[in-house]
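Beneath this line is the structure, given in structure tokens, with notes to follow.
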Amino acid sequence: MTPAGFEQDAHAAGSRDAGRGARKAASLAVAALLAVALGLTAALLVFSGYQYHTQVIAEAENRSIAIARVLEEHAAKTLGIHAATLSHMEWMVDDLGWERIDGSPLLYERLKAMASQTPEVQSYWITDETGRVRASSYEWPMRPLTAADREYFRAHLKPGATIHIGPRLNGKIVSDLFFTLSRRMELPDRRFQGVAQISLLPSYFADFYRSVLHGSHDVILLMREDGEVLVRNPLNAPDDRTDIGRFPDLISIPDRDGVFRTVTPFDGVERVLARRKVPDLPVYVVYGTDVASIETAWRDRVLPYVLTAVPALGLLCLLGGIALRRSRQAADAQEALRRANEELEGRITDRTRHLDQALADKEVLVRDIHHRVKNNLQVILSLLELQAQRAPELEAPFSEALTRINTMGLIHEQIYRSTGVSAVRLDNFVEALAGHLNSFHNRPGRDIAIRHHVEPLSLDLNRVVPFALILNEVVSNAYKHAFAGRCSGTIDIMVTAESGSLHLTIVDDGTGAPVPEDAGAPGRRSMGMDLIRAFTRQIRGEYHFTRGAGTRFDLVFPQDGDVV
């Protein structure tokens, strides 16, 4: 073979080696690019799945907290009203004395009328210091009967035990299931006088809880401080069963902002639980969301992205195979291969950019979605039923209660109209409340005008309820007392903000209405003043009345901050 032949063979071999090297380098570059694209797509899918999982859990926790707050408010209002009724029963005992109670059906008739007006009440009972039942809403004269063996009576033997929540029981006269709300009665020298007790129907609370359950596997509990369950929905047990569980761990488990996660002992289901203590009462409400339903919601939300990502990964694999096949062509097609690689890189980059944009759009959309619990009309209906069908002599207290209930109704109406926000506009609310109070209190031939100047401020939902009820009490008091013997007058309402505080001023040009302490009958505490004092303390505010030609009420409280 000639040297020229050897040279040509060597050149050809070198060309082949260079071609193989170029094809190998190109193949490695394309393979690396394909691996990066696939890894990035998979990483984005995993990241979005993790983020959505976190969001779904947060939504479930927020929903559980919101429903627990509704349950807390329902229990506070329902049980709180009956706790006040117990005080009224003690006053009746003080007024009548045991001899008149035994010798006259007057107290029995009153208790029977009260029980017929409240669907959650089974009966009213009054026992003396020995445990003997002296009066009830069931019968008169009262048969020989003792409550000394009941837990609530024994609990009140100790001084200081004012309000007590008893366990589920069966009645001694009627076998209906109930739990007790009781109060220790005392003589002026603090000696034990007996117990005033109300038997409440768990079925009433179970019916309400059924209406607010979000999921079929969610659960609601009404529990005593020792962990004993008073009401559970769903019960999954006979309705007449007195013992439905005692779970102190559900009270003692540490929580994070009122939320914790555990396996509920009565059914072995893992749940996210929101726990709320009912103010001023030894009872808790707990709302639990099934973790399995949360996982199902997460899978439903991620599935569309998985179905989008799988074809995208398949397309990337297909394009990578085409690029790898082209990279193995002859070295003289290197330029064409380079252009193909550039095109492939451009398509991968464009695809990745679209995926990033789609993910960002979804994240913005999800952040804009806020779940809010609808207004608890059931609470308002329950309160209306408590006040309905009163005896003529209770017309005045009924009117006061009705205005308070309608005030809370206006609050819920404003919340409903402002769906998606966490505060109520005070100017719109005060205008609506002024119109309601004016139509409620004015009578033919009497024209009391309400003028209001309210800055465009907003108040969070936890603080607007006590604020509104304070406003209702003061304005209602002015209507009832400031314009006695007059056919016209003016009430001015002003709300301003200054130095981080809200200022409420209510001024009338009447004859100088008494402050609510003076408005009641001698020797009786004013419920209106008790409410003003309690709600002012709840929003960490201060108030005072000024009497002159008219009456002026000033309230100052922080614009921001937690309620007590």
- Could you give me the CA-CA distance, side-chain angles and deciding distance for E225 and I251, then say whether side-chain contact (heavy atoms from CB on, under 4.5 Å) is met? CA-CA 7 Å; E225 286 185 325; I251 301 298; 5.8 Å; no
- Message: Quick check: do R183 and M89 have side-chain heavy atoms less than 4.5 Å from each other?
- Response: no
- Measure up the H74 and F205 rings against each other and bin them: parallel (under 30°), tilted (30 to 60°), perpendicular (over 60°). perpendicular
- Task: Please determine if R63 and E59 form a salt bridge, counting it only when a charged side-chain N lies under 4.0 Å from a carboxylate O.
- Result: no
- Heavy atoms from other residues, nucleotides or ligands near CD of E542 exceed 12 (cutoff 6.0 Å): no
- Item | Side chain R168, main chain D243, donor-acceptor under 3.5 Å | no
- Query: Can you tell me how far the CZ atom of R261 sits from the CD1 atom of I253, to the nearest 0.5 Å?
  - Reply: 13.0 Å
- Parallel, tilted or perpendicular: which describes the rings of F545 and F553, with under 30° parallel and over 60° perpendicular? tilted
- Query: How about V121 and Y204: do any of their side-chain heavy atoms sit closer than 4.5 Å?
  - Reply: no
Under 3.5 Å, sequence neighbours excluded: what are the donor-acceptor pairs made by side chains of residues 280-294?
| residue | atom | partner | partner atom | Å |
| --- | --- | --- | --- | --- |
| Y287 | OH | H214 | N | 2.9 |
| Y287 | OH | D218 | OD2 | 2.7 |
| T289 | OG1 | S64 | OG | 2.7 |
| D290 | OD1 | A292 | N | 3.2 |
| S293 | OG | D290 | O | 2.6 |

- Task: Establish, from distance only, whether the side-chain atoms of N438 and Y479 form a donor-acceptor pair under 3.5 Å.
- Result: yes
- Got T78 and F208 here, is their nearest side-chain heavy-atom distance under 4.5 Å? no
- Task: Find out whether H217 and V269 are in side-chain contact, i.e. whether some heavy atom of one side chain is under 4.5 Å from a heavy atom of the other.
- Result: no
- Message: Is the shortest side-chain heavy-atom distance between F260 and P254 below 4.5 Å?
- Response: no
- Which residue pairs satisfy the salt bridge (Lys or Arg N to Asp or Glu O under 4.0 Å) criterion with at least one member in residues 203-214, sequence neighbours excluded? D207-R210
- Message: Going by side-chain contact (heavy atoms from CB on, under 4.5 Å), L457 matches just one of V424, V495, D427, T496. Which one?
- Response: V495
- Item | Pairwise side-chain contact, I57 with E61, heavy-atom cut-off 4.5 Å (strictly under) | yes
- Query: Would a 4.5 Å heavy-atom cut-off, applied to side chains only, mark H503 and D554 as touching?
  - Reply: no
- Message: Once you measure the plane-to-plane angle for F247 and F266, does it fall in the parallel (<30°), tilted (30-60°) or perpendicular (>60°) bin?
- Response: tilted
- Item | Gap between atom OG1 of T180 and atom CG of L200 - 0.5 Å precision | 8.0 Å
- Message: Tell me whether the rings of H156 and H164 are parallel (<30°), tilted (30 to 60°) or perpendicular (>60°).
- Response: perpendicular
- Message: Checking T242 now: which residues fulfil side-chain hydrogen bond (donor to acceptor under 3.5 Å, both in side chains) with it, not counting sequence neighbours?
- Response: none
- Message: If you compare all heavy atoms of V231 against all heavy atoms of A206, which two are closest, and at what distance to 0.1 Å?
- Response: CG1-N, 3.9 Å
- Query: So does D300 have more than 12 non-hydrogen atoms from other groups sitting under 6.0 Å from CG?
  - Reply: yes
- Approximate separation, where rounding is to 0.5 Å, of F557 CZ and R537 CZ: 16.0 Å
- Pairwise side-chain contact, D530 with R533, heavy-atom cut-off 4.5 Å (strictly under): yes
- Distance (rounded to the nearest 0.5 Å) between S211 OG and I220 CD1: 7.5 Å
